[in-house]
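Scroll down for the structure; my scribbles are underneath it.
So that the names make sense, note that chain A is the first sequence line, chain B the second, and so on, each numbered from 1. Side chains included, hydrogens not; waters and symmetry mates left out as well; all remaining heavy atoms used.
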2 protein chains.
Amino acid sequence: MSTPGRGLHGHVLESLGPAITAGEYPPGSVLRTDELAQRFDVSRSVMREAVRVLESMHLVESRRRVGVTVRPKSEWNVYDPQVIRWRLAGADRPQQLRSLTVLRSAIEPVAAGLAAKHATADQCAELTECALGMVANSRGHQLEGYLVHDVTFHRVILNASGNEMFARLGDVVAEVLAGRTHHEVMFEDPDPAAVTLHVQVAEAVRAGDAVRAEHLTREITVGALQELDILAP
Amino acid sequence: MSTPGRGLHGHVLESLGPAITAGEYPPGSVLRTDELAQRFDVSRSVMREAVRVLESMHLVESRRRVGVTVRPKSEWNVYDPQVIRWRLAGADRPQQLRSLTVLRSAIEPVAAGLAAKHATADQCAELTECALGMVANSRGHQLEGYLVHDVTFHRVILNASGNEMFARLGDVVAEVLAGRTHHEVMFEDPDPAAVTLHVQVAEAVRAGDAVRAEHLTREITVGALQELDILAP
DNA sequence: GGGAACAAAAAGTCTGACTTATTTGCCACA
DNA sequence: TGTGGCAAATAAGTCAGACTTTTTGTTCCC
C-alpha cells in the first residue's frame, strides 16, 4: 500500500509515525524538535518537515515554547492511509482490523448497490472474471491466488460505485483481506458459501439488480464480521 | 471545523491547498519550490514544509530534477478533513456534498444500529435531549437552533457506535448538515417527518433495538439523498 | 495575594552554500 | 540511421548558523 520512506524526512516518519500510533508516546507527551533531530541524526530542517507531516495527520501538535505534543488517539486522522498502515503494522493491529471490517460492512453493500446501477460493461466483465478466478482458486490451498482475485473483486465494486469516497477505500479493503490471509490463521480453503456469494454479486451487478447486489454483499460482510467474532449472538 | 492557518506555512497551505483541490492546477502541472516561495514571499524552508504537507495528502508529488507535480484527483486523500474543507469551500462543493451524503447514507444506519447496542445512559440522555431540541426548533424558522441539535444528534450516534472510524466522521456530517442549512436554499421549516424519525431513533437506541434504529436512520438518510436528487426514481 | 515586568525556552524563520539524483541532449560509434 | 553512453544542466534535498517571536513561568514590587 503506497509509498515507502522517500527522502530523509520520510525515513524519520517511518520510524516516528509507527512509534506514536503504537502508543509508545502517550497522549500529552512532549517531544522537542532539536532532540529528535539529534536522535535521528538529521538536520533540524528535515526534522521540522517530518513534524509538519505528523501535525497534518493530527498525530501531534506543535506549539511555541512548549514543544511537539502527542495528541490523543481520538483526534488522529484515522482515514489517512499511512496512519492505517502504521497501525496495522503495530500493536493495535487487532483493533484496527476490527474497526476497518465494521467500516467495510457499512460501505461495501451500499457500494455494490450503486455499482449495479453504474458499472460499465468492462467493469462487469472484470467482476465476473474475478469471481471465476476465486472459484478456480477456492480448493487445494491456493490462498494467494484466491486473495488476488478477492482483492480485485472488491476494488472493482468500490470503483464501479461511482463514488470517489468509496473508491478510495480500495487500498483499505485490500489491506484487510491480505491481513486475514497472511496474519490471521487461515488454514482451510475459503468458505464455499462466500465464493458463491461473490459469483452471485457479479451476476446481480451485471443484471443491474441493485437491491440484490446490496443484499448479497451484506451477506458477505456479515461473514467477515463473524470471522472476527464481531456481531453479538 | 478544525485549525486555521497557524504559522507561515499554514498560511501558504490555506492558499495553495484550495487552489489545487479546485483544479486550478490540472493533474500533471509542475510547480517549482523556489518560484512558489517567491510568489508567497516566504523562505524556501517554509515552502518546503508546506509542500511536504501537500505531499502527505497525496495532492502533489515532489521529485528531484522535475519539481512538484500535481496528482490526479483519484489519488487525493479525500478523507483528510482539511482536503474536505478545501473542496467544500471551492468549485466542486456540489460534487463533494453529494459524495459525502452518499457516504453518510452508508455509515449512519450501521452506526445507529451499533449505538443501540453500545450507547451509555449518558449518551441516550443526550440523544433524547437533542431530539427534543429539534422538535422545539422545528417550527417558526428557527433554523440555527435546529441545526445545532441536529449536528449534535448525529455526532452522538457516531460516537456511541463505539467504532473509531465512524466517530471521526462527526466533523464531516456536521459540515454537510451546516452546508444544507447555510448554502443550499432552505426556506422552509424542516420536514416534520424527519423530525419524528429523529425522535424515534433516539427511542430505539434507548430501547436497545438495533434493527429498528438502523432502519429508521436509513429512512433519514434516504431523505437526505432525495434532497440532493440523488436516488433514481 | 495579585499583577506587572522580566527572563528563559522552544518553535519559527531566513539565508546561503553545498550535495545528489534525474533528465536531457549531445556526440561518437556501430 | 539508430543507439549507446557520457556530460551538463536543473531542481529538489540537506545542512549549519544566526536571528526572531511567542509563550510560559518566575520573581519582585505594590
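A straight line from CG of B/D34 to C1' of D/dA12 spans 9 Å, rounded to a whole angstrom. If you take NE2 of B/H11 and P of C/dT13, they are 12 Å apart, rounded to a whole angstrom. Put simply, CZ on A/R65 is 17 Å from P on C/dC6, counting in whole angstrom units. Rounded to whole Å, the distance from CE on A/M47 to C1' on C/dT13 is 18 Å. The interatomic distance linking A/R44 (CZ) with C/dC14 (P) rounds to 14 Å, in whole Å. Following rounding to the nearest Å, B/R6 (CZ) and C/dT13 (P) show an atom-to-atom distance of 11 Å. Between B/H9 atom NE2 and D/dT21 atom C1' the separation is 17 Å, expressed in whole Å. Atoms CD (B/E49) and P (D/dT14) sit 13 Å apart, rounded to a whole Å.
There is no side-chain donor-acceptor pair under 3.5 Å between A/H9 and B/E55. Between the side chains of A/S45 and B/S45, not a single donor N or O lies within less than 3.5 Å of an accepting N or O. One side chain, B/E164 or A/S99, offers a donor N or O that lies under 3.5 Å from an acceptor on the other.
In the set C/dA11, D/dG13, D/dC15, C/dA11 carries the atom at the smallest distance from any side-chain atom of A/R64. The side chain of B/L8 has C/dT13 as its nearest neighbour among C/dT13, C/dA11, D/dG13.
Using a 4.0 Å heavy-atom cutoff across all strands shown, A/R48 reaches at least one base atom of the nucleic acid. Residue A/S45 is in base contact, counting any heavy-atom pair closer than 4.0 Å across all strands shown.
Residue A/R63 places at least one side-chain N or O under 4.0 Å from the OP1 or OP2 atom of D/dT24. Contact check, A/S43 against D/dT14: no side-chain N or O comes under 4.0 Å of OP1 or OP2.
Taking both residues in full, the closest heavy atoms of B/R168 and A/W76 are given as NE-O, 2.9 Å, listed atom of the first, atom of the second, then distance.
Checked against the 6.0 Å centroid criterion, the rings of B/H198 and B/H154 qualify as a close aromatic pair.
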